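Below is one structure, written out as C-alpha cells; the observations come after it.
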Amino acid sequence: MRRATTMPVFAPGWRPRWGSECLILAAGGVYFLAAAPFIPGLASWENLGNLLSNLLPLLVIAVGQTLVLIAGGIDLSATAIMAVTSVAGAMVMRGVPGHGPVAALAGVGVMLGMGTAVGWGNGFAITRLRLPAFMVTLTSMMFFSGLALWLTQSQKINGLPAAFNALGGNLAVELILTTAVVGLTAWGLGRLLAGRWLYAVGHNPRAALISGVPVGPVVMAAYAFSGGAAALGAVLLTGRGETGDPVLGRYLMLDVIGAAVLGGASFFGGRGGVGGTAAGVLFIKLVDNSLSLQGCSHFTIMMVKGGLILAAALADGGRRRLAGEDQGGRA
Amino acid sequence: MKTYLRYAFAALLAGLALVGCGQSQPPAAPPGADRPLTFGVSFETLQTEYWIAGMDAIKAELSRRNIKLLAAIADGDANRQYEQVRNFITRKVDGIILVPKDAKTCLPMIKAAHTAGIPIVLFNRPCDPIDGFTPVAVVADNVALTRETVASLVERAQVGGGRHRAMVILGDLGDVNAVGRRDGFEAALKGREAVVEVVARVPSEWNQEKAQAGVVNALQAHPDIDFIFTSSDFLLPSIVSALKAAGKYHRTGETGHVWLAGFDGDATAYRLLTEGYLDATGVQDVYFEARQTVEAVLDLRAGKSLPGTILDPGFVISQANLQERAPRMWGAQVKKAP
C-alpha cells in the first residue's frame, strides 16, 4: 500500500474546510433547528437513532458511487447489484445446512464477492472495451435486475439465518460496519497514492495517463468498489428486511446520486469526497424523516426533497462562484 | 492515518451513544388515557382504485370515531415502509394499520410494532406467521369469492354449449391475495374441464403493461380464447385494449362475445357491467374491511383476543343482479370519468 507523500492536489477524501460538505451540513443543521419545534419527535433520541439507522445503508452505497463519480464515471447498476446480490446471498444461505453463522458468512461472502465482480466487469467493459459508462452500467442494471427476478420468479426469499439478520437489524453492528468502510475509504482517498490517482483520472484522464497513472486499473477499481459497496448496502437492507428481495433498492438510485452530488461530487469527475457525501446523505434522510414524521404523503416528500436538493445545489453553485472555484469538469 | 481513525472513532462513539439513548425512552401513554387516539396508516401503494377507496374508507372510519390519522405511502418500497412504521413508533401512535407490500418483507415491521407495544392490523393483505404467531389481518376470502365468481361465469357460458378456451391473468404470486385468486380460479374449473379448457395463464405481477403484453401474446397464440378471468379489475383496461385490437370486444349476447370476469369491484368494472361487456366480478366490501380493521386495532388495544384472519365474504355482482347489489359495490360509489 503506497501512501501519498504530500497532501492531495485535488479535493481530499475528508478534510474540514469551507466546501460543499460544510454548506450542506449547515443547511441540514438550520433545517433541523427550524423544524424540531414543529415536528413532534424529530429531536427525540429514539428518532435520531432511527435517522442514523436509515442513513447507514444509503451512506455505504453513496460512498461507492462517489468514487465512481470522482473517476469521471457513473454507476447506474448499483441498485441492480443490490437486488441480485440480495437474492443470490439468500439462496446460498437457504442452501447451507444449519442456517447458522456459517451460512451467514457464506451468504455475506457471496454477496460481497458477486457485487465486486459485477462492478469490476463494468469497469473492464468501460476501460478495455472503451464503451461509455452510462451505456455499460445501464445495460448492467437491466441485465442484473432481470436476473434477480428470473432467479426467484419474483418471489421473496425469507427464513434467513438469525446471524445474518442481525447485520441489518442491529444498529450497533450496522454502525460499526459502515464506519469501518466509510472511514477507511476517506482515509484512502485522502492519504493513499491510489486516492490521488483517482482524482487525477477524473480530472483529466489523458494528463493522468501521460503522468504515469494506471488509468484503466484505477477506473476498474472504482467500479469494483462501487459494486462491493452496493453489495454491502444489500447485506444491511436484506438483513433488516430478513428477506432476499429481487427488487431491493429499486427506488434508491436518485437518493444515491443526489447525496453524492449534494456533497460536492461532479458528474464531470475529479471532484467529491466521503465527507461531502456523508453530509448529502444526512441532509436527504433528515428531510425524508422529518416530512414523514409530519405525516406528509410520499408524493409531497418527493417534491419537497427534489426542491430542496435543487436549492442546495444552486446555493452551492453560488458559493463556488463567490469563492472563485472551478465550476467543475472537462468538456 | 491517526486523524482519520479519530474521526471514525468519534463517529462510532456518537452513534453507539445514540443506540444506547434510543433504548431509554419513556413508555407510551397507557391505553385508555384521556386523549384523542392517533393511528398510523401505511399503504404499500395507492396505484389502484381499490387502495384509494380503501384509504378513503379508513379515513372516514377513523374520522367517524374521532381518531387522528397519520398517513404514509411507501410507493412499492418495502424498506421505505419499514422506516415509516418506525416513524409511527417514534410518534408513539396508538395503533398501526398496514397494507404490506407482500407477505414476507412486513415481518420486521410487525415485530417492531409488537416490541413497542403498539397494536398492528393488516388491511386486505395478510402476511406469513411469525414464530408460530399469526398477525391479525382483515382480508377478502379470495379463494371462495373467486371460485364463486368463476363458477357463475362457467354456468352462464355453458348455456350456449361447446367447449370454451380460457385465459387467466394472474397477479403477483408473492402476494397471498393473488395466490388465493389463482387457487379459486383453478378450484372453480376443477371437474369442468369438458366445458372450459385453460390455454393461457398470463403473469402480470400487478403491472398493467405486463398484463397487456401477455394478453396480446395469448390472443395471438390462441385466437379462439373466449373466456377470461382477471385477478384484479384494475387490469381490465389492458384486457379491453387487447380485445379491441383483436376484434373480440363485444357485448354479452353479441356474436363473438368473450366471457369476462374480474375481482375487486372497481369503477371500471361497474362501467363495463352497465355497458354489457363484463359478465361478473367478485366485489370486496371495502367499507366492511375498513370498519373491521379499525375495530380490530381498538380491540387489540383493549387487550381482546382476535383470530389471525378476519374474513370479508364479499359478493358476486353480475349484469343480472347489478341494480340490486350496486349500492354495496364500492366501484359504483366512486365517481370516475369514462
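Here is the naming used below: chain letters follow the sequence lines, and residue numbers restart at 1 for every chain. Quick caveat: nothing in here was measured; it's all calculated off a predicted structure.
- Separating the CG atom in B:Asp102 from the NZ atom in A:Lys156 is a distance of 4.0 Å, to the nearest 0.5 Å.
- Between B:Arg91 and A:Leu293, some side-chain heavy-atom pair lies under the 4.5 Å cut-off.
- The environment of B:Lys111 atom NZ is dense: over 12 non-hydrogen atoms of other residues, nucleotides or ligands sit within 6.0 angstrom.
- From A:Asn289, atom CG reaches atom OG1 of B:Thr90 across 7.5 Å, with rounding to the nearest 0.5 Å.
- Taking a 6.0 Å sphere around CG of A:Leu254, one finds it holds 12 or fewer heavy atoms contributed by other residues, nucleotides or ligands.
- Contacts of A:Thr152 with chain B are absent, with no heavy-atom separation under 4.5 Å from either backbone or side chain.
- Between chain B and the residues A:Ile301, A:Leu252, A:Thr243, A:Ile157, the largest count of heavy-atom pairs under 4.5 Å involves A:Thr243.
- Of all the listed residues (A:Gly41, A:Gly241, A:Pro40), the one sharing the greatest number of non-hydrogen pairs under 4.5 Å with chain B is A:Pro40.
- Per-residue heavy-atom pair counts under 4.5 Å with chain A were compared for B:Leu46, B:Asp77, B:Asp128, B:Leu107, and the maximum is reached by B:Asp77.
- Residues A:Val247 and B:Lys101 form a side-chain contact, since some pair of their non-hydrogen atoms from C-beta on lies under 4.5 Å apart.
- The existence of a salt bridge linking A:Asp245 and B:Lys104 is excluded, since no basic side-chain nitrogen approaches an acidic carboxylate oxygen closer than 4.0 Å.
- Closest non-hydrogen pair, B:Asn79 versus A:Arg240, comes out as OD1-NH1, 2.9 Å.
- With contacts defined as side-chain heavy-atom distances shorter than 4.5 Å, the pair A:Glu46/B:Ile89 qualifies.
- The two residues A:Tyr251 and B:Asp75 come nearest to each other via the heavy atoms CZ-O, 3.4 Å.
- Side-chain contact between B:Asn87 and A:Asn47 is present, with heavy atoms from C-beta onward closer than 4.5 Å.
- At a threshold of 4.5 Å between non-hydrogen side-chain atoms, the residues B:Arg86 and A:Asn54 count as touching.
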